[in-house]
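The next block holds one structure in the form of structure tokens; read it before the comments.
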2 protein chains.
Amino acid sequence: MPSRKKSPTIYDVAKLSGVSISTISRVLNAPDKVNSETHKRVMNAIDQLGFVPRAEARARALQNTDRIGVLTPFFTAPSFVQRLRGVASALSKANYELVIYPVDSMDHLQGYISSIPLMRNIDGLIIMSLSLGDQDAQRLFNNGMETVLIEYSHPDLNSILIDDQHGGRLVAEHLVGKGHKIVAFLGDIEPPERFAIHPVKSRLAGFVQGLSEAGLSLPKAYIRSCPYTQNESRQAALELLTLPKPPTAIFAGSDFQALSVMKVARQLNIKIPDDLAVVGFDDIDVADHVDLTTIRQHLDESGRLAAEILLARISEHDRPLQHINLPLNLIERMTG
Amino acid sequence: MPSRKKSPTIYDVAKLSGVSISTISRVLNAPDKVNSETHKRVMNAIDQLGFVPRAEARARALQNTDRIGVLTPFFTAPSFVQRLRGVASALSKANYELVIYPVDSMDHLQGYISSIPLMRNIDGLIIMSLSLGDQDAQRLFNNGMETVLIEYSHPDLNSILIDDQHGGRLVAEHLVGKGHKIVAFLGDIEPPERFAIHPVKSRLAGFVQGLSEAGLSLPKAYIRSCPYTQNESRQAALELLTLPKPPTAIFAGSDFQALSVMKVARQLNIKIPDDLAVVGFDDIDVADHVDLTTIRQHLDESGRLAAEILLARISEHDRPLQHINLPLNLIERMTG
DNA sequence: TGCTAAACTGAAAGTGCTTTCAGAAAACAC
DNA sequence: GTGTTTTCTGAAAGCACTTTCAGTTTAGCA
């Protein structure tokens, strides 16, 4: 039988220690303003009863929840996880809780956006890789919900961006520098999800631009659009590598898809990097593991930064908005 | 200037629609008990004002929060992420929020355990791969905090386990069946974290047992204990593969470490699976990507199941406790 | 028309804490 | 011994809902 004795309230402590509830509260929230004798007596009572202030009640009175929310699609994809890791590390230092709202449909997103700012059950919001209508942004702003956008921007909200196009160009320059003449691209250029943003297109655009600046072109046949999934990526890689004139380098729109390319290459007995160079994008943990050359976009850091900006704004509402552009670097490993 | 007009309360709605606040509440929580005419008027006012009940206030009055917490170490390691994915998928169906408490020290764990059940800011708790003192388990139980343990068990709380030792034996049987005579093990057998549980030891034990049943032994030199990190794993793999009589098969305690083994093998130009078989444990997403033979422990499913059990117990407190044992299967792919 | 049952309503109490504010007690100076 | 600070204290008013319960309407029926 669960001895579900309801936990003690501030009143119980007050009764036991013979003072009023406000004194208890003061002992907890402003200890220096309480007689040290009383303080001791109250603390004894608290220990004796095992009293812990109820979080919801506290939040109600305090108007803050010590909780921040993260709105994210694909929340278990490696790149998102790493952002989340950054967020979590910054938050746990500051004793904030992390609430995750996984978004996997437009409805989902709309539902969250319309209720979150009003429910007031979080102090701040981080929105990852989701495109936000102007209305929604306004709504967040008008309701005074502190928000940081990652991979998207809006003039009224903080944002952290990377220059995907520039990243694409970096890859082009790198491959050109290595002497490649026939290159290919593989990535999720036409994703079906309307709620998420799609940086891969920009990566390709930058790639094409970088190539053309070096006098190289990227014919249609050397661009494969394929979803993030493993099978489709492998299929696309296979098609690229079995072209009459196969590419000597492939740029994959994400590290995960680069893995697929590497796998197919192994199956075809194509040597990496001798016969084929592979470059990814993101620099997820696994990239290091498999020695993948890739564009590092400081995923952990973007999350940490987002959290820090948010916390700063929460404690000082009138701090200026920040629009940060995170740098990209090419990390050269073994694959190209 | 953020037009921080404070959002409307139930009182505003009451005033506008000319009824009392309780009627508003009833319209929201028991619509069928309200005159349809009134109902319409109230809904109009709600829409007009854009009213949304404040979550904290609601939680206070209702005594439930529609929020469940997950206590987890290493929360961004792939296997934990996949469990989390399972949890999230089950929760979002039921409209519950997911709060993550990352644990990275004993103090952290103690802090959470001692305040969470009393703060009452979650309705239920999932504890992943953390060893729970009897006191703490009692505390959760006594305070009526519904809890599901994963990878750990306690008679008073729900639990989901896998039989790591059996998993180890499966690997042994598989490798023996393939005719391997000299095998090795690599894994994090002596982890420093006191707060987390360490299933790898059991995996090794089962492995050894399975081997010895087939008349094979596993000499000390063929067992490398090394932390989860990449560098250390690679070092250990290197040592194993450069033994005078190198093993023809390596069982890694986790998929992530199996990746390191594969990498080193490639560097040494050792062909997988011809010259070396590699078997991992967990079956994380990447395992499929790199075609790693491994033990599947249904990570997503364990999370989903935990969430479902929790939700069931929350809605019916007197449902019996569940102690579930999840099956393991060997998934044979290309590496062994 | 009068009576009863059914359907609905709103005042008020409860939820557990923070914080303000007026006033009491103690300490100090003269 | 009075006046003035300084330091504490506790009653009470929020905070924004839900829910109970007594009371009022309305409808139905003979």
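Numbered from 1 within each chain, the chains take letters A, B, ... in sequence-line order.
Rounded to an integer number of Å, the gap from A/K15 NZ to C/dC17 P is 13 Å. The CG-P distance, from A/N64 to D/dC15, rounds to 16 Å in whole Å. Straight-line distance from the CZ atom of A/R58 to the C1' atom of D/dG14: 16 Å, rounded to whole Å. In this structure, A/I21 atom CD1 and C/dG16 atom P are separated by 12 Å, rounded to whole Å. Atom CG of A/N29 is separated from atom P of D/dT9 by 15 Å (rounded to the nearest Å). When the P atom of D/dT7 is taken as reference, atom NZ of A/K33 falls 11 Å away, rounded to whole Å. The nearest whole Å value for the distance from the CD atom in A/Q63 to the P atom in D/dA16 is 5 Å. What separates CD1 of B/I10 from P of C/dG10 is a distance of 13 Å, to the nearest Å.
Among the protein residues, A/T9 comes within range of the sugar-phosphate backbone only, with heavy atoms under 4.0 Å from sugar or phosphate atoms but none that close to a base. A/I24 comes within contact range of no nucleotide atom at all, as no heavy-atom separation falls under 4.0 Å.
Centroid-to-centroid, the aromatic rings of A/Y101 and A/Y112 come within less than 6.0 Å.
The base of C/dA11 lies close enough to the side chain of B/S22 for a donor and an acceptor atom to sit less than 3.5 Å apart. In this model, no side-chain donor or acceptor of A/R60 finds a partner on the base of D/dG14 within 3.5 Å.
Nearest approach of B/I10 to B/I21, heavy atoms of both residues: CD1-O, 3.7 Å. Contact record, A/I160 with A/S302: CD1-O, 3.6 Å, taken as the closest heavy-atom pair. Of all heavy-atom pairs between A/M119 and B/P53, the closest is SD-O, 3.2 Å.
Closest contact between the side chain of B/N35 and the listed nucleotides C/dC17, C/dC8, D/dT9 involves C/dC8. Looking at the side chain of B/L62, the nearest of the listed nucleotides C/dT18, D/dT19, D/dT9 is D/dT19.
A close approach under 4.0 Å does not occur between any side-chain nitrogen or oxygen of A/R26 and OP1 or OP2 of D/dC8. Distances shown here put a side-chain N or O of A/T38 below 4.0 Å from the OP1 or OP2 atom of D/dT9. At the phosphate of C/dG10, OP1 or OP2 sits under 4.0 Å from a side-chain N or O atom of B/T23. The shortest distance between the side-chain N/O atoms of B/R54 and the OP1/OP2 oxygens of D/dC17 is below 4.0 Å.
Position along DNA chain D of the nearest nucleotide to A/S20 versus B/Y11 favours A/S20 as the more 5'-ward residue.
A donor atom on one side chain and an acceptor atom on the other are found under 3.5 Å apart for B/H317 and B/E146.
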